[in-house]
Enquirer: 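Mind looking over this structure? Questions follow.
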Number of protein chains: 2
Amino acid sequence: MTGKQPPPSQPKPDERIRDRNEAKILKSAVELFSRKGFDGTRISEIAKASELPKANVYYYFATKEAIYTRLIERVLVGWDIALEHIHPDREPRDALSAYIDAKLTYSKNHASESRFFANEMLRGGQFMSRKQIRHMKEITRERVRVIEGWIEDGKMVRIDPHHFLIMLWATTQFYADFSNVAAVSLEKKRLGAAEFEAARATLVEIVLNNCLPTK
Amino acid sequence: MTGKQPPPSQPKPDERIRDRNEAKILKSAVELFSRKGFDGTRISEIAKASELPKANVYYYFATKEAIYTRLIERVLVGWDIALEHIHPDREPRDALSAYIDAKLTYSKNHASESRFFANEMLRGGQFMSRKQIRHMKEITRERVRVIEGWIEDGKMVRIDPHHFLIMLWATTQFYADFSNVAAVSLEKKRLGAAEFEAARATLVEIVLNNCLPTK
DNA sequence: CAAAAACTTGACGTATTGGTCAGGATATGA
DNA sequence: TCATATCCTGACCAATACGTCAAGTTTTTG
């Protein structure tokens with residue numbers, strides 16, 4: 001579980017090599033984990049994809065789990081950032097549109113991170129810490145309150161904020177996690193900029209035009 | 001890949017034992033695969049969950065992949081059945097509402113099948129046959145045409161049918177695949193009948209009330 | 001220019017995996 | 001009852017997995 005940390009690294013004069021190699025490992029790992037899950041991904045595969053010998057991977061990360069949990073931490077940051085668009089000071093149309101935009105852009109440019117997280121959720125989030133779950137819960141609750149505020153102010157129609165958020169999350173996520181299903185549906189080989197733009201337009205059309213009072 | 005089939009079974013006087021054991025194996029397997037993916041699931045785990053010795057599992061299924069592909073076949077049938085609600089002879093409100101209902105009910109009662117399929121999609125659908133992909137494509141295209149028909153008839157607002165379908169699929173799927181995220185969002189331990197009903201109501205509210213002309 | 005710290009790596013060790021197999025148990029049917 | 005087809009299973013095997021380690025090389029630092 002824990003294992004000993006790579007080195008003490010008290011002086012840390014120059015961490016560039018470390019940073020670069022860790023980045024390479026994490027980048028390879030997130031792609032592999034996102035496709036084959038925790039158990040399905042072999043450390044030797046990560047090593048090969050990172051162009052490092054396997055033993056070198058173990059110099060930077062004590063265990064496979066250490067790589068995995070580091071990635072969870074990173075992905076959760078992205079989750080937070082996107083949600084920050086939903087801010088009480090903004091107008092609903094502006095804020096929700098920005099959120100949809102941010103999430104779809106993330107789905108397009110960071111598809112493997114998105115799939116990685118989806119994979120972890122399918123597992124039931126067993127690798128997430130209590131603290132991380134609590135954080136997710138709190139940050140979601142905050143956004144629910146923002147939407148409730150908008151509803152109170154008559155800026156949005158009366159709708160269940162939880163399910164509303166879930167709907168946004170599910171739909172935007174879909175284009176990353178199940179991009180091949182989306183591609184099949186759209187009769188394209190792969191999703192391109194045009195498809196993401198159409199997705200955005202349709203989503204905004206359906207969601208915003210119905211949930212905001214002034215059409 | 002292929003392996004030899006369990007037995008020739010030409011006479012087949014009584015297949016009840018075979019059927020019962022295969023069912024037990026498949027039931028255990030779909031739950032395990034849905035959580036840990038193909039590589040993450042061990043045949044010994046499937047055997048233990050099925051209360052059979054491992055060698056007996058191999059009597060019924062030649063390889064792990066054989067179990068997996070059988071499950072894909074089964075899940076795709078469910079996919080078809082739900083989509084049949086979207087039928088040109090029905091009124092959009094009725095049909096779409098029935099589809100949402102069917103999908104959410106499936107998410108509630110067959111969560112592991114749903115997660116299993118999600119897992120396979122995350123992998124990029126590598127275990128699906130060309131034929132199966134083609135079938136998915138065709139059946140989706142049919143439903144797109146139905147919606148296009150409704151739009152032509154003025155029964156629905158002008159909206160991209162592909163992205164509209166994706167939205168429905170993504171949202172309903174979410175409650176099965178990421179039920180724990182949904183639970184966190186809803187501040188419940190687990191999703192119950194009440195949550196599914198609220199999900200249905202919210203979805204219908206957002207989707208139908210905006211996409212059908214007469215409010 | 002040493003000495004120390006940081007980094008690299010081929011060669012293991014132990015545990016587990018998917019899958020095999022030979023031989024036995026059980027059921028069917030004439 | 002006996003022959004045949006079906007069903008069951010403990011023991012086994014080769015391959016491979018994660019993780020270790022000792023013996024390096026390279027870089028930093030005093």
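Here the structure is a predicted model, which is why all the values come from computation and not from measurement. Chain naming here is simple, since letters A, B, ... match the order of the sequence lines and numbering starts at 1 in each.
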Enquirer: Could you state the interatomic distance from CD1 (B/Ile159) to CG (B/Leu165), rounded to the nearest 0.5 Å?
Expert: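 Here the rounded value is 11.0 Å.
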Enquirer: For a quick test of reading the model: is some side-chain N or O of A/Tyr60 closer than 4.0 Å to OP1 or OP2 of C/dA6?
Expert: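 Answer is no, no contact under 4.0 Å.
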Enquirer: Taking side chain to side chain donor-acceptor pair (under 3.5 Å) as the definition, give me every residue that meets it alongside B/Glu31, ordered by chain and number, with sequence neighbours left out.
Expert: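 In terms of side chain to side chain donor-acceptor pair (under 3.5 Å), with neighbours along the sequence ignored, B/Glu31 is linked to B/Arg115.
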Enquirer: Nucleotides 16-19 of chain D: which of its N/O atoms have a protein N/O under 3.5 Å away?
Expert:
residue, atom, partner, partner atom, Å
D/dC18, OP1, A/Thr41, O, 3.3
D/dC18, OP1, A/Ile43, N, 3.1
D/dC18, OP1, A/Lys64, NZ, 3.2
D/dC18, OP2, A/Ile43, N, 3.1
D/dG19, OP2, A/Tyr58, OH, 3.1
D/dG19, OP2, A/Lys64, N, 3.0
D/dG19, N7, A/Lys54, NZ, 3.2
D/dG19, O6, A/Lys54, NZ, 2.5

Enquirer: State which residues pass side-chain contact (heavy atoms from CB on, under 4.5 Å) with B/Ala98; sequence neighbours excluded, sorted by chain then number.
Expert: B/His85, B/Arg90
Enquirer: For residues 118-143 of chain A, which residue pairs qualify under ring pair (Phe, Tyr, Trp, His ring centres under 6.0 Å), counting only residues two or more places apart or in two chains?
Expert: A/Phe38-A/Phe127, A/Tyr68-A/Phe127
Enquirer: B/Ile25 CD1 to C/dG18 P: how many Å, rounded?
Expert: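 Value for this atom pair: 14 Å.
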Enquirer: Check the interface with nucleotides 22-24 of chain D: list each N/O to N/O pair with the protein under 3.5 Å, or write none.
Expert:
none

Enquirer: With sequence neighbours left out, write down each residue that passes side-chain contact (heavy atoms from CB on, under 4.5 Å) with B/Val181, or none if nothing qualifies.
Expert: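 With neighbours one apart ignored, the set is A/Trp79, A/Met121, A/Met136, B/Phe174, B/Phe178.
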Enquirer: Can you check the A/Lys48 NZ to C/dT9 C1' distance for me, whole Å?
Expert: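 A/Lys48 atom NZ is separated from C/dT9 atom C1' by 17 Å.
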Enquirer: Taking only residues two or more places apart in sequence or in another chain, which ones pass side-chain contact (heavy atoms from CB on, under 4.5 Å) with A/Ser129?
Expert: A/Lys131, A/Gln132
Enquirer: Side chains of B/Thr172 and B/Ser107: is there a donor and an acceptor less than 3.5 Å apart?
Expert: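 The criterion, which ignores hydrogens and geometry beyond distance, is not satisfied for B/Ser107 and B/Thr172.
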Enquirer: To the nearest 10°, let me know how far the axis at one end of the helix from C/dC1-D/dG30 to C/dA30-D/dT1 is tilted from the axis at the other, five pairs an end.
Expert: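 If I round to tens, the end axes sit 10° apart.
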Enquirer: What residue pairs, at least two apart or across chains, pass salt bridge (charged side-chain N to carboxylate O under 4.0 Å, His left out) with a residue in residues 134-145 of chain B?
Expert: A/Glu187-B/Arg141
Enquirer: Please pick, from D/dT20, D/dC8, D/dG10, the nucleotide with the shortest atom-to-atom distance to any side-chain atom of B/Asn56.
Expert: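 Of D/dT20, D/dC8, D/dG10, D/dC8 is nearest to the side chain of B/Asn56.
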Enquirer: For A/Phe164, enumerate each residue passing the ring pair (Phe, Tyr, Trp, His ring centres under 6.0 Å) test, keeping only those at least two apart in sequence or located in another chain.
Expert: none
Enquirer: Per the salt bridge (charged side-chain N to carboxylate O under 4.0 Å, His left out) rule, what does the pair list look like for residues 45-56 of chain B, sequence neighbours excluded?
Expert: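 Non-adjacent pairs meeting salt bridge (charged side-chain N to carboxylate O under 4.0 Å, His left out): B/Lys36-B/Glu45.
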Enquirer: Would you kindly give the CD-to-P distance between B/Glu51 and D/dT9, to the nearest whole Å?
Expert: 12 Å
Enquirer: How many Å lie between CD1 on B/Ile46 and P on C/dT17, as a whole number?
Expert: 12 Å
Enquirer: Run the side-chain donor-acceptor check on residues 192-202 of chain B: report pairs under 3.5 Å with partners two or more places apart or on a different chain.
Expert:
residue, atom, partner, partner atom, Å
B/Glu195, OE1, B/Gly192, N, 2.7
B/Glu197, OE1, B/Arg200, NE, 3.1
B/Glu197, OE2, B/Arg200, NH2, 2.9
B/Thr202, OG1, B/Ala198, O, 2.8

Enquirer: When you measure from the side-chain N and O atoms of A/Arg18 to the phosphate of C/dA6, is any distance below 4.0 Å, counting only OP1 and OP2?
Expert: no
Enquirer: For the pair made of OH in A/Tyr59 and C1' in D/dT25, what is the distance, rounded to whole Å?
Expert: 12 Å
